[in-house]
Amino acid sequence: MSDTRLINENDVFLDVEASTKEGLFSFISEQAERLGVTDDAQGLAADLMDRERQISTGLTDGFAIPHTKSARVKHVEVFYLRTKAPIPWETMDSDEAGFFFALLVPEENEGNIHLQMISALAVSLLEDDFKATVKSCDDPAELTDYIAEHVQLAELG
C-alpha cells in the first residue's frame with residue numbers, strides 16, 4: 001500500500017488571518033509556492049478565484065472546498081485551513097465560512113482525481129463527528145491522521 005496521504009502536517013494552517021476570499025486565496029497560493037506546489041502564486045490565486053466565480057464552493061456549517069485544476073499546479077495537494085474569524089462566502093446555508101479544504105490539482109488530472117477528492121470530502125462533511133473534530137482539533141499531526149483515516153480515496157495520483 002502506498003504511503004501517499006490526502007494531507008500532511010505541512011498542509012494544515014490554523015488561525016489564518018484572512019477576511020476575504022481573495023485574502024484566503026492569496027494565503028493558499030503563497031503557501032503552495034513555499035511548498036513547491038506552484039511557481040506562480042499570483043496566477044494560482046487567480047485560478048482559484050476564477051473557479052469560485054463559476055459556482056461557489058461553499059457547503060454548510062462553515063465549510064467550503066475551494067479548488068482548481070491548473071497548469072500552474074505541479075502535483076496534487078490538499079490544504080486544510082481554519083480562519084481566525086469566518087469570512088463572507090456563498091454557502092448552502094447562507095452562512096459565512098471559516099473551515100476550508102483547498103484542493104490543488106494539475107490540469108492533466110482534470111477528469112479524475114479532483115472529483116474523487118471533492119466527493120470523498122463532501123461525504124465526510126456529512127458526518128457531524130468529522131465536522132466537529134476538524135473544527136476543534138488544534139494538533140496538526142492528530143488532525144492529519146484523523147482526516148487521512150476518515151476521508152477515503154481509492155488512490156491519490
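Just so it is clear, the values below take in all heavy atoms, side chains as well, and ignore hydrogens, waters and symmetry mates.
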Exercise. Give, for atom CD of Glu96 and atom CD1 of Ile87, the distance between the pair rounded to the nearest 0.5 Å.
Key: 8.5 Å
Quiz item: Side chains of Ile118 and Thr57: does their closest heavy-atom pair fall under 4.5 Å?
Solution: no
Practice problem: Could you tell me the separation between the NE2 atom of His150 and the OG1 atom of Thr133, rounded to the nearest 0.5 Å? | Solution: 7.0 Å
Practice problem: Look only at the side chain of Lys135 and the backbone of Asp61, and say whether a donor-acceptor pair between them is shorter than 3.5 Å. | Solution: yes
Self-check item: Side-chain donor or acceptor of Tyr80 paired with backbone N/O of Ile7 under 3.5 Å
Solution: no
Quiz item: Is there side-chain contact between Arg53 and Asp50, with at least one heavy-atom pair below 4.5 Å?
Solution: yes
Exercise. To the nearest 0.5 angstrom, please state how far the CZ atom of Phe100 sits from the CZ atom of Phe25.
Key: 8.0 Å
Quiz item: Does any N or O in the side chain of Asn8 come within less than 3.5 Å of the main-chain N or O of Thr144, such that one atom is a donor and the other an acceptor?
Solution: no
Quiz item: Between atom CG of Asp138 and atom CG of Asp15, what is the distance when rounded to the nearest 0.5 Å?
Solution: 7.0 Å
Quiz item: When clusters are formed by joining ILVMFWY residues with side-chain heavy atoms under 4.5 Å apart, either directly or through shared neighbours, do Tyr146 and Phe63 land in the same one?
Solution: yes
Practice problem: With rounding to the nearest 0.5 Å, note down the distance linking CD in Gln31 to CG in Leu104. | Solution: 11.5 Å
Exercise. Please work out whether the ring planes of Phe27 and Phe13 are parallel, tilted or perpendicular, with thresholds of 30° and 60°.
Key: perpendicular
Self-check item: Sub-4.5 Å side-chain heavy-atom contact between Asp95 and Thr60
Solution: no
Practice problem: Name all residues meeting the salt bridge (charged side-chain N to carboxylate O under 4.0 Å, His left out) criterion together with Asp47; count only those two or more places apart in sequence or in a different chain, and write none if there are none. | Solution: Arg72
Quiz item: Hey, is the main chain of Pro66 close enough, under 3.5 Å, to the side chain of Arg51 for a donor-acceptor pair?
Solution: no
Practice problem: Give, for atom CD of Glu30 and atom OG of Ser26, the distance between the pair rounded to the nearest 0.5 Å. | Solution: 5.5 Å
Exercise. State, yes or no, whether a side-chain contact exists between Leu44 and Val73 at a heavy-atom distance under 4.5 Å.
Key: yes
Quiz item: Is there a donor-acceptor pair under 3.5 Å between the side chain of Thr38 and the backbone N or O of Ala32?
Solution: no
Exercise. Say whether Trp89 and Phe101 are linked into one hydrophobic cluster, either directly or through other cluster members, by side-chain heavy-atom distances under 4.5 angstrom.
Key: no
